[in-house]
Undergrad: 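Below you'll find the structure I mean.
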Amino acid sequence: MSDQQTSSYLDSLNDVQRQAVTTTDGPVLVVAGPGSGKTRVLTFRIAYIIEQGTAPWKILALTFTNKAAREMKERIEKVVGKRASYIWAGTFHSLFARILRVEAQHIGYPSNFTIYDTDDTKSLLGSIIREMNLDKQVYQANAIKNRISSAKSSLITPKLYEKNEELLAQDKMANMPLVHKIYAAYVARCKQAGAMDFDDLLFRLYELLQNHPEVVQKYREKFKYVLVDEFQDTNTLQYAIIKRLVQYPNSPRNICVVGDDAQSIYAFRGATIQNILDFENDFGQHGIKTFKLEQNYRSTENIVNTANAVISYNKRQIQKEIWSDKGVGDKIRVIKAVDDNEEGRRVADTILEQKNRYHLQNSDIAILYRTNSQSRIFEEYLRRFNIAYRVYGGLSFYQRKEVKDLISYLRMVVNPNDEEAFRRSINHPKRGIGGTSLAKVTDLARQQNITLFEALKHVALPKRTRHAADGYIHIIQEAQSKVDTANAYELADLIAKGSGLTDLLRNDKSIEGMGRLENHEALLDGIKSFVEEDTVIDTDTLPDKSLATYLQNIALLTDFDSNEENQNGDVVTLMSVHAAKGLEYKSIFVVGLEEKLFPSWMSMDSMEGLDEERRLFYVAITRAELYLTLSYANTRYRYGKMVMNEPSRFLAEVPADAVESTSTNPRSADHEYDKVARQREHRARVTGIAPRTRRGTARFAAPKVDPATFEPSPASEVETGRKVLHLKFGEGKVLNVDGGSDNRIATIHFSDLPQPEKRIMLKFAKLQVLD
DNA sequence: AGAGCGCGCCTTTTT
DNA sequence: GGCGCGCTCT
């Protein structure tokens, strides 16, 4: 790459940023305030390392969300080109899962292991608690899940737990002395099922690196540069893994961590800002360099000063001075509403007003709340005001019941040991295998130490039930027999029809039922587009379109990630403050600023809890570029009961001179609107049909090309220079074809796309050669 | 074995 | 105010 290009992006940085980018060797700590260009530093740093001659696949960049990773890769690609796709950039969970699949045999797991999500974990814990004859009111699956999760995050195995007086005492206090037994059983059952939960993806990797010198050696040699984003949100376990990778004799210790103690908001998940302090100790004697990014390029002075004032109420923090030169800006507006309905209406009303007055797009605006359940009321009023919106978080697409039902069958096909998938699919659709039969199956499985699926094959059952069981076994095995030849969509289609799931949903004519069918079909569409149109992403691992690969891909997706291609609509964003981290909007509404809600009642009994809530408020405020509106309601409905709320203490911490003095409440909504709204509300109450929310709708793009006239050509005809048509991406020109004869990959330029260049596997893609 | 009904829990935040 | 689970009746 030319010096010119190098200097052009380095020139766009300020002094500290540039030093943070070019100090590539040895340990580096970057303390980055909000809006200080942290992502720019990270991406330019990686680009710079590549330009200095390091191969992209020797760089490991760890983030917390897929979105952050994707954004980083895209921005690096703009500087260094397609080489960027070889960088190991991704979330802790997804990259570690990738390594674990390769190394699975070392730890006695199949490489096709299942990833248990939160529901699977809770359900398995429920089974264990039931089998141990414990009172589930006392032993709550959720609480135990958290105990186990934090044990794993602190590197405590069941064996260590059993010997840990402090943990045992805590459990006794909570009247749950047998948690350690449940923990041990849970780990054993996961292993037996060939499954890992989210924490296992970290913990098992840690154990792998700990116990297998040749494996840790391999990855130490592989990763010459390690970068960690949002370091303040790492937990002990994550930091332990990082250290394992970079702390060894004669290591260059090329590690760069970027974080902001003021934005640490995941302590509840075991994250600890202690890691930042420890980092300075752990790497202190190896010439650690610290850079503080203190200039905020995002927000007006009013917003930055408010944020500074608020965070100063926290005791422990790394000293820094965040400043802005973007001008004073508008004052902060506070909306005081009598109840949650009025809050919803006034926020929607203010959004309209801002759109008019400042010429804002919907996409310039976000509403942030403490708990996902608060979204409903805003959805309602935005809909009434005809403002397009999108809700992030809450139930993700892949957590919907009807989606999980089909996926549980697919999981059985890939990993028949998967206990939770078995339990979920065995009697849904109903085929007459209820509790009694299942108990027989479970008994046999325990007796002979075989999986539930194996036990089902051999257990003695009444004739009718046997027949039903054979039907279930047949459909799973039929799919299994094709697993090596059929792609994910062919198998999913076979299962959807063969299991009776599609028919079951088709026969449900209720409104909810139709929504479920829609989601079921959206899932199948999604699998289809995975098979037909997916581009090459993981160049490192074997790219293929198998069901196993599909399941691996979706296991770690959140609501955020499932629809990046076509979410560019002009919509107002609604999400929790946690989900908003790293994002920015011209106008931000932080709502529900009430005691017991924000700060949450759960964290109000401790200083640490309150400090974390305050950091959360800090994160919320600092998302705003130009306009910040805070709102609260005196009363709101909770569990259908009206509760009174004091305004949040955080409101009192906002400097008075930053707030609009004339409390210019937005004029109350006009009467015409109110009348319509009331009528609609009345109708909803009478019919019992709630207005449909937008959450349940399908999110997969319609093809740009008319499928009726589309005629795919044989892959062999796709050659460099050819003009081709792609169902989803439209017309494109083949720039290059590489890869072996069996695995040809074409680089195609689609002029209609924001990111025109796609790498497409010819084996699966359907392309029509035009000339 | 399944349908129907009532009870109780729920709401922090996420990979 | 809604959902899931378990109990009861068929």
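The structure presented is a predicted model; accordingly, all values stated were derived computationally and were not measured. Below, read A as the first sequence line, B as the second, and so on, with proteins coming before strands; counting in each chain starts at 1.
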Undergrad: Measuring from A:Asn645:CG to A:Asp339:CG, what's the distance to the nearest 0.5 Å?
TA: 11.5 Å

Undergrad: Between B:dT14 atom C1' and A:Asp233 atom CG, what is the distance in whole Å?
TA: 10 Å

Undergrad: Would you say the side chains of A:Asn314 and A:Tyr618 form a donor-acceptor pair under 3.5 Å?
TA: no

Undergrad: If every non-hydrogen atom of A:Glu613 is compared with every non-hydrogen atom of A:Ser603, which pair is closest and at what distance?
TA: OE2-OG, 2.8 Å

Undergrad: Look at all strands and tell whether A:Phe92 reaches a base, only sugar-phosphate, or nothing, counting heavy atoms closer than 4.0 Å.
TA: nothing

Undergrad: Measure the distance from NZ on A:Lys67 to P on B:dT15 and round it to the nearest whole Å.
TA: 12 Å

Undergrad: Please test A:Phe231 against A:Tyr239 for ring-ring contact (aromatic ring centres under 6.0 Å, His included), starting from the C-alpha separation and ending with a verdict.
TA: CA-CA 9 Å; A:Phe231 187 64; A:Tyr239 186 37; 5.5 Å; yes

Undergrad: Nearest to the side chain of A:Thr118 - B:dC10, B:dT11, B:dT15?
TA: B:dT15

Undergrad: For A:Ser94 and for A:Arg638, locate the closest nucleotide of DNA chain B by heavy-atom distance; then report the residue assigned to the nucleotide nearer the 5' terminus.
TA: A:Arg638

Undergrad: Please report the distance, rounded to the nearest Å, between CG in A:Leu597 and P in B:dT13.
TA: 10 Å

Undergrad: Take the protein atom CZ of A:Arg130 and the nucleotide atom P of C:dC5, then report the distance between them rounded to whole Å.
TA: 10 Å

Undergrad: Which is true for A:Phe598 with a 4.0 Å heavy-atom rule: it touches a base, it touches only sugar-phosphate, or it touches nothing?
TA: nothing

Undergrad: For the side chain of A:Ala579, counting heavy atoms from C-beta on, which of B:dT15, B:dC10, B:dT14 is nearest?
TA: B:dT14

Undergrad: Could you give the CG-to-C1' distance, from A:Leu438 to B:dA1, as a whole number of Å?
TA: 13 Å

Undergrad: Under 4.0 angstrom, heavy atoms only, what part of the nucleic acid is A:Ser437 near: base, sugar-phosphate, or nothing?
TA: sugar-phosphate

Undergrad: Figure out the CD1/C1' separation between A:Ile377 and C:dG1, and round it to whole Å.
TA: 12 Å

Undergrad: Check every atom of B:dG2, B:dT14, B:dT15 against the side chain of A:Asn372 and return the nucleotide holding the closest atom.
TA: B:dT14

Undergrad: Please report the distance, rounded to the nearest Å, between NZ in A:Lys404 and C1' in C:dG4.
TA: 14 Å

Undergrad: Can you tell me if A:Phe268 is stacked onto the base of B:dT13, using a 5.5 Å centroid cut-off and an angle below 30°?
TA: yes

Undergrad: Within the 4.0 Å heavy-atom criterion, would you say A:Thr436 contacts the bases, only the backbone, or no part of the nucleic acid?
TA: sugar-phosphate

Undergrad: Pairing donors with acceptors under 3.5 angstrom, does anything connect the side chains of A:Arg147 and A:Gln170?
TA: yes

Undergrad: In whole Å, what is the span from the CD1 atom of A:Ile148 to the C1' atom of B:dT15?
TA: 17 Å

Undergrad: Tell me what A:Asp117 touches on the nucleic acid: a base, only sugar-phosphate, or nothing, going by heavy atoms under 4.0 Å.
TA: nothing

Undergrad: Indicate, with a heavy-atom threshold strictly under 4.0 Å, whether A:Lys430 touches base, sugar-phosphate, or nothing.
TA: sugar-phosphate

Undergrad: Please tell me if A:Asn427 has a side-chain N or O lying less than 4.0 Å from either OP1 or OP2 of B:dG2.
TA: yes

Undergrad: Rounded to the nearest 0.5 Å, how far apart are CG of A:Asp405 and CZ of A:Arg424?
TA: 4.5 Å

Undergrad: Nearest to the side chain of A:Phe198 - B:dC10, B:dT15, B:dT11?
TA: B:dT15

Undergrad: Out of B:dT14, B:dC10, B:dT13, which nucleotide sits closest to the side chain of A:Thr371?
TA: B:dT13

Undergrad: By a 5.5 angstrom centroid cut-off and a 30 degree plane limit, is there stacking between A:Tyr639 and B:dC10?
TA: yes

Undergrad: Which nucleotide sits closest to the side chain of A:Arg376: C:dG2, B:dT11, B:dT15?
TA: C:dG2

